[in-house]
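The first residue of the sequence shown is numbered 1, and numbering continues consecutively from there. Only a predicted model underlies this, so the values are computations on that prediction, with no experimental measurement involved.
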Amino acid sequence: SIPIQISLCSRMPLDTSTVEHAGQWALRICEHLDATRYVNPPGGRDIFRVEEWQASGIELCFTKLRPWTYSCHPYEFEDHLSILDVLMWNSPSTVMTRLQSATANPAG
């Protein structure tokens with residue numbers, strides 16, 4: 001129930017010849033889509049170069065979620081798995097509420 005418009009990167013007319021490192025893929029896609037802001041999970045922080053985003057005029061942010069523990073009985077809870085694990089053990093409304101409580105903090 002999350003409204004989303006999906007665009008496949010492979011079908012975009014992107015010039016990838018200028019991509020020099022992993023963090024530039026998202027930047028090139030954002031530039032192509034005329035994005036003004038990009039939000040990434042905190043685990044990917046190390047691949048981005050903030051100065052490149054600033055030079056492009058696109059705000060680079062990283063999410064911050066409160067710690068979240070949920071029941072997965074009869075299994076033992078394992079923290080920091082994927083969103084797939086979260087979706088398997090929680091209702092859509094619970095997941096939506098949690099995602100809406102996340103903050104996006106500017107990089108820098």
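Looking only at side-chain heavy atoms (C-beta outward), Asn105 and Cys61 stay at 4.5 Å or farther from each other. For the pair Pro13/His32, a side-chain contact is recorded, criterion being any heavy-atom separation below 4.5 Å from C-beta on. You'll find the side chain of Met12 reaches within 4.5 Å of the side chain of Ile29, heavy atoms only. The closest side-chain heavy-atom distance from Ile58 to Thr36 is not below 4.5 Å.
Counted by atom type alone, Thr94 and Thr97 present zero donor-acceptor pairs between their side chains at under 3.5 Å.
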Exercise. Test Tyr70 against Val86 for side-chain contact (heavy atoms from CB on, under 4.5 Å), laying out the working first.
Key: CA-CA 8 Å; Tyr70 45 86; Val86 171; 3.6 Å; yes
Exercise. Show your working on side-chain contact (heavy atoms from CB on, under 4.5 Å) between His21 and Glu52 and close with a plain yes or no.
Key: CA-CA 11 Å; His21 60 87; Glu52 292 176 343; 2.9 Å; yes
Exercise. For the pair Trp68 and Val95, evaluate side-chain contact (heavy atoms from CB on, under 4.5 Å) and give the outcome as yes or no after the intermediate values.
Key: CA-CA 11 Å; Trp68 189 7; Val95 174; 4.3 Å; yes
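Between the Arg66 side chain and the Ser101 main chain, no donor and acceptor come within less than 3.5 Å of each other. Of the possible polar contacts, one joining the Ser82 side chain to the Leu84 backbone as a donor-acceptor pair under 3.5 Å is found. Of the possible polar contacts, none joining the Ser56 side chain to the Trp53 backbone as a donor-acceptor pair under 3.5 Å is found. Counting only distance, with no hydrogens or angles, the side chain of Asp85 and the backbone of Leu81 share no donor-acceptor pair below 3.5 Å.
In this pair, Tyr38 and Phe48 present their aromatic rings tilted. The plane angle is within the 30 to 60° band.
Note: the hydrophobic cluster containing Leu87 also contains Trp89 (ILVMFWY, side chain heavy atoms under 4.5 Å, direct or indirect links).
For residues 29-38, every residue pair satisfying the salt bridge (Lys or Arg N to Asp or Glu O under 4.0 Å) rule, not counting sequence neighbours, is listed here: Arg28-Glu31, Arg37-Glu59. Residue pairs meeting the salt bridge (Lys or Arg N to Asp or Glu O under 4.0 Å) criterion with at least one member in residues 9-23, sequence neighbours excluded, do not occur.
Going from atom OG1 of Thr63 over to atom CG of Leu99 covers 9.5 Å, rounded to the nearest 0.5 Å. In this structure, the separation between CZ on Phe62 and CG on Asn40 is 5.5 Å, given to the nearest 0.5 Å.
Not counting sequence neighbours, Arg45 has no partner by the salt bridge (charged side-chain N to carboxylate O under 4.0 Å, His left out) test.
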